[in-house]
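Note that the structure is predicted; figures quoted are calculated from it, not measured. Residue numbering restarts at 1 for every chain, and letters A, B, ... go by the order of the sequence lines.
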Amino acid sequence: MAVRVPAGFQALPLPIAQLSLAAVLKCGQSFRWSIFPLQISGNTPLQHVDPTHEYRLCLRDRVVCLRQSPDTLFYRSLFPTGVLGDQEQREAETLAWIRDYFQLDIDLVNLYRQWSATDPVFNRIQDRFEGIRMLRQDPFENLISFICSSNNNISRITKMVGSLCRTYSPALLHLAPPAGSDLVEEPYHPFPSPSSLAAPEVSAQLRALGFGYRADFIQKTAAMLVEAHGVNRSPKTSSEPSEEWLMTLRDKDTAAARTELLNFMGVGRKVADCVLLMSLDKREVIPVDTHVQQIATKYYGFRGPTKTGTMSPKLYEEVSSKLTAVWGDYAGWAHSVLFTSDLKSFASYGLASPSTPSTPSTPGLTPDRHSASSQDTAGIATPRDSMPKSGKRKRGGSNRSLETKTREAEIEETLVQLEAVVEDAISEGTVDLSLADRVKRRRRGTLSTR
DNA sequence: GGGCCACCCCTA
DNA sequence: AGGGGTGGCC
C-alpha cells in the first residue's frame, strides 16, 4: 500500500511496535510535547492508516513536528523566520535528532520478546502495550522536570513545566495548530537554561506560579549548577557549561552518576534514578515510586512497605534490585512498559482509543473486554489457559460501544485485567523470584541518600 | 542512622 | 485525606 505523506513532511519507515508516540509522549517521561488531534478526512480508503495526531516539541533552534501511521513516522522541523539555512541539511539534522531521542537503534520488539520469555507477567500484557520505549532526553530538562514530580501528577507537572518555559525562556517562534481552522498562533518556547533559573528571585516567582516547595528546589539546583560550572558568553545559541557537564554523566557508571545527582536540592533516590534512566543512558535502573512499589507487591509478590507506608531506602533498594533481576539489562525499559500499562490515563490503551477507530493496523490486538470484578481477584486463582473470566461490571463488560463507557470504568477494567494476569503468573509459580538473589547488590556507598 | 513530619497545591 | 518525594530534625 502506498504511503501517503502529509505535505511538508518526510517519511521514515517505522513499525508502531517499535515506537508508539501516542503512548510514549504522554506516559510521564517528557512533559513538554504538545499534542494536536488531526481532522481525519471522512471517506477515503486510506483513512484507517492516516495519522490521527500531530506531536510538537520545541528544541533550542527548531520545532520538531511528528505524525505517525502504523508503519511510518512522519517528521518535519520548523524554524524562526528570517533564519537562513539549507532545508535539506536541516531535515537530516532533525532525523539524526529523532534517531537519538527515540533511541531507534535499540530493537524494542526484540526486547519485548526477551522480557516475555522470562517474565509471564510481561508476556500477558505485551500485546496491549506496544511500542513503549525509553526516550533519551536532555539531562537538565529531565532533572528540573522530575524535581517538579514529587507529590505530583502528570497533568500538573505538565502545566508547571509549561509555565516554566513560558516564564524563563523567550518564544522561539509562533505556530498555528496543524489542522486549525482557527488561525490562532501559539508561542513555542525551548526549555530554559540553568542560568535563567538560577537567579535568586526565581524562587519567589515560581512560588507565585504555584510550584509550592519545589520552587526553592529548582532555583537552588540551577544555582548549584551555575555556581559549579559557570555560564557561556553567548547563552542563547548553545548549551551552558553545566548542561554539558550533566551530559558527561552519561560516561560515568551508574553509581557515580547517581552520587552526583543526589547532591542537588530536591533530588532524592527516586528522582535521581529517573534522570539516570531517562537521560543518562542507565537503562537497567528502576525508579521506585509508590506506584512501582504497588506493582511489585501486588503483581510480583514482593514484600510490601513496612509499618508506616513510607518507603525506606532499604525497601527501595530491595524492590529496585529484584525488578532489575526479573528484567535484566534493560530493566528500566521494561519497568516503563509495566508502569505505563498501569497508568490511569492509559486504561483504554490497546482496547480502543476514543478518538481512533479500531483498525487492522494492530492485528492481534483483539480488544479485550474480559474483566473480573475486584472481588473476584481477591485470593481466587484465575483460569490459566484463557482470559480472566468475565464478570459483571457497572457499565457492562461486554459492551462494544466504548464511547459509552466512562473513563473510570475503563481504568478499573484495565487494572483488573492486569491484576488477574499477574495473579495467574504467581499462582503458576512462573515468576522466578530467586533470580533476585543472583543480582549483585550495589555498592554500599551508592545506597546512602546523603 | 533509621524513622517521623512538614512542605505546596490539587483532586477525591 | 492523600498523592509519581525530599530535607531537616530527632
Side-chain angles (χ1 to χ4, degrees), chain A residues 23-24 26-32 132 134-135 137 142-164 202-224 258-259 261-279 285-299 305-320 323 332 335-347 406-408 411-412 415 418 444-450:
Chain A
V24 168
K26 51 182 180 184
C27 70
Q29 292 189 53
S30 170
F31 303 96
R32 220 157 56 81
I132 297 172
M134 197 53 56
L135 302 175
Q137 299 187 66
N142 194 212
L143 177 64
I144 299 300
S145 299
F146 278 83
I147 286 176
C148 294
S149 75
S150 71
N151 276 324
N152 216 338
N153 55 64
I154 289 178
S155 83
R156 186 171 165 223
I157 300 166
T158 303
K159 286 178 193 136
M160 289 164 67
V161 170
S163 69
L164 204 59
V202 167
S203 180
Q205 292 167 347
L206 288 181
R207 239 165 225 282
L209 287 171
F211 279 62
Y213 57 88
R214 304 166 198 86
D216 305 275
F217 292 163
I218 291 168
Q219 186 273 330
K220 284 185 172 136
T221 289
M224 286 172 75
R258 180 183 290 125
T259 302
L261 292 174
L262 288 173
N263 287 325
F264 295 108
M265 202 58 62
V267 179
R269 176 68 192 263
K270 192 267 179 181
V271 170
D273 281 0
C274 285
V275 177
L276 290 171
L277 174 65
M278 299 180 186
S279 61
V285 170
I286 296 183
V288 181
D289 52 31
T290 57
H291 216 85
V292 170
Q293 167 71 265
Q294 283 170 22
I295 292 177
T297 54
K298 280 175 72 178
Y299 305 154
T306 44
K307 323 220 162 210
T308 55
T310 64
M311 165 96 54
S312 67
K314 190 171 161 65
L315 181 61
Y316 185 112
E317 182 61 22
E318 184 180 323
V319 171
S320 186
L323 287 176
H335 136 279
S336 174
V337 179
L338 265 286
F339 184 82
T340 303
S341 76
D342 205 40
L343 265 186
K344 294 185 176 185
S345 52
F346 279 87
T406 65
R407 196 159 201 74
E408 298 305 321
I411 291 167
E412 189 188 335
L415 289 178
L418 188 55
R444 288 292 111 181
T446 71
L447 288 182
S448 66
T449 51
R450 103 203 51 212

Open item on the list: Tell me whether the side-chain N or O atoms of A/Y316 pair up with the base of C/dG5 as donor and acceptor below 3.5 Å, since no angle test is needed here.
Closed with: no
- [ ] Looking only at non-hydrogen atoms, find the nearest pair between A/K270 and A/V288 and report the distance.
- [x] CG-O, 3.6 Å
Task: Candidate nucleotides B/dC10, C/dG4, C/dG5, ranked by approach to the side chain of A/S150 - the nearest - done: C/dG5
Open item on the list: Just to be sure I understand the rule, does A/R207 reach a base, reach only the sugar-phosphate, or reach nothing, if contact means heavy atoms closer than 4.0 Å?
Closed with: sugar-phosphate
- [ ] Before giving the answer on side-chain contact (heavy atoms from CB on, under 4.5 Å), spell out for A/D289 and A/F339 the whole-Å C-alpha distance, their side-chain angles and the decisive distance to 0.1 Å.
- [x] CA-CA 10 Å; A/D289 52 31; A/F339 184 82; 3.5 Å; yes
Open item on the list: Please report the interatomic distance CD1(A/I218) to CG(A/L164), rounded to the nearest 0.5 Å.
Closed with: 5.5 Å
Open item on the list: Applying a 4.0 Å non-hydrogen cut-off, can you work out what A/F339 is touching in the nucleic acid: base, sugar-phosphate, or nothing?
Closed with: base
Open item on the list: Could you tell me how far apart A/N152 (CG) and C/dG5 (P) are, to the nearest whole angstrom?
Closed with: 9 Å
Task: A/R269 side-chain N/O to C/dT6 phosphate OP1/OP2 under 4.0 Å - done: no
- [ ] Could you grab the distance from atom CD1 of A/I157 to atom CD1 of A/I147, nearest 0.5 Å is fine?
- [x] 12.0 Å
TODO: Compare the minimum distances between each of C/dG3, C/dG7, C/dG4 and the side chain of A/F217, then state the nucleotide with the smallest one.
DONE: C/dG7
TODO: With P as the reference atom in both, quote the distance from C/dC9 to B/dC8 in angstrom, rounded to an integer.
DONE: 15 Å
Open item on the list: Tell me the interatomic distance from A/I147, atom CD1, to C/dG4, atom P, rounded to whole angstroms.
Closed with: 19 Å
TODO: Nearest whole angstrom, please: distance from the C1' of B/dC9 to the CD1 of A/I218.
DONE: 14 Å
Task: Inter-nucleotide P distance (C/dG4, B/dG3), Å rounded - done: 22 Å
Open item on the list: If you only use heavy atoms from C-beta on, which nucleotide in C/dG7, C/dG4, B/dC7 is closest to the side chain of A/H291?
Closed with: C/dG4
- [ ] Assign A/V292 to base, sugar-phosphate, or nothing according to its heavy-atom contacts below 4.0 angstrom with the strands shown.
- [x] nothing
Open item on the list: Once rounded to the nearest 0.5 Å, what's the spacing between atom CZ of A/R32 and atom CG of A/N142?
Closed with: 11.5 Å
- [ ] Measure from CD on A/Q294 to P on C/dG4 and round the result to the nearest Å.
- [x] 8 Å
TODO: Determine the interatomic distance between P on B/dC5 and the same-named atom on C/dG2; round to the nearest Å.
DONE: 13 Å
Task: Separation of B/dG1 P from A/K314 NZ (nearest whole Å) - done: 14 Å
Open item on the list: Checking contacts here: which listed nucleotide (C/dG5, B/dC8, C/dG4) is nearest the side-chain heavy atoms of A/L343?
Closed with: C/dG4
- [ ] Take A/G212 and A/S155, find for each the nucleotide of DNA chain B with the closest heavy atom, and name the residue whose nucleotide sits nearer the 5' end.
- [x] A/G212
- [ ] Starting at the 5' end of DNA chain C, write a dot or bracket for each base, bracketing those in Watson-Crick or G-U wobble pairs whose two distances are under 3.5 Å and using | for partners on another strand.
- [x] |||.||||||
Open item on the list: For the CZ atom of A/R214 and the OG1 atom of A/T221, what is their distance to the nearest 0.5 Å?
Closed with: 13.5 Å
Task: Straight-line distance of A/K220 NZ to A/S203 OG, nearest 0.5 Å - done: 7.0 Å
TODO: Working to the nearest 0.5 Å, report the span between OG of A/S145 and CZ of A/F31.
DONE: 6.5 Å
- [ ] Give the rounded distance in Å between these two atoms: CG of A/L261 and P of C/dG5.
- [x] 18 Å
TODO: Give the nucleotide from the list C/dT6, C/dG4, B/dG3 with an atom nearest to the side chain of A/S312.
DONE: B/dG3
Task: Rounded distance (Å) that lies between atom P of C/dG8 and atom NZ of A/K220 - done: 7 Å
Task: Selected nucleotide, minimal atom distance to A/D289 side chain, candidates B/dC7, C/dG4, C/dT6 - done: C/dG4
TODO: Specify the separation, in whole Å, of atom CZ of A/F264 and atom C1' of C/dG7.
DONE: 16 Å
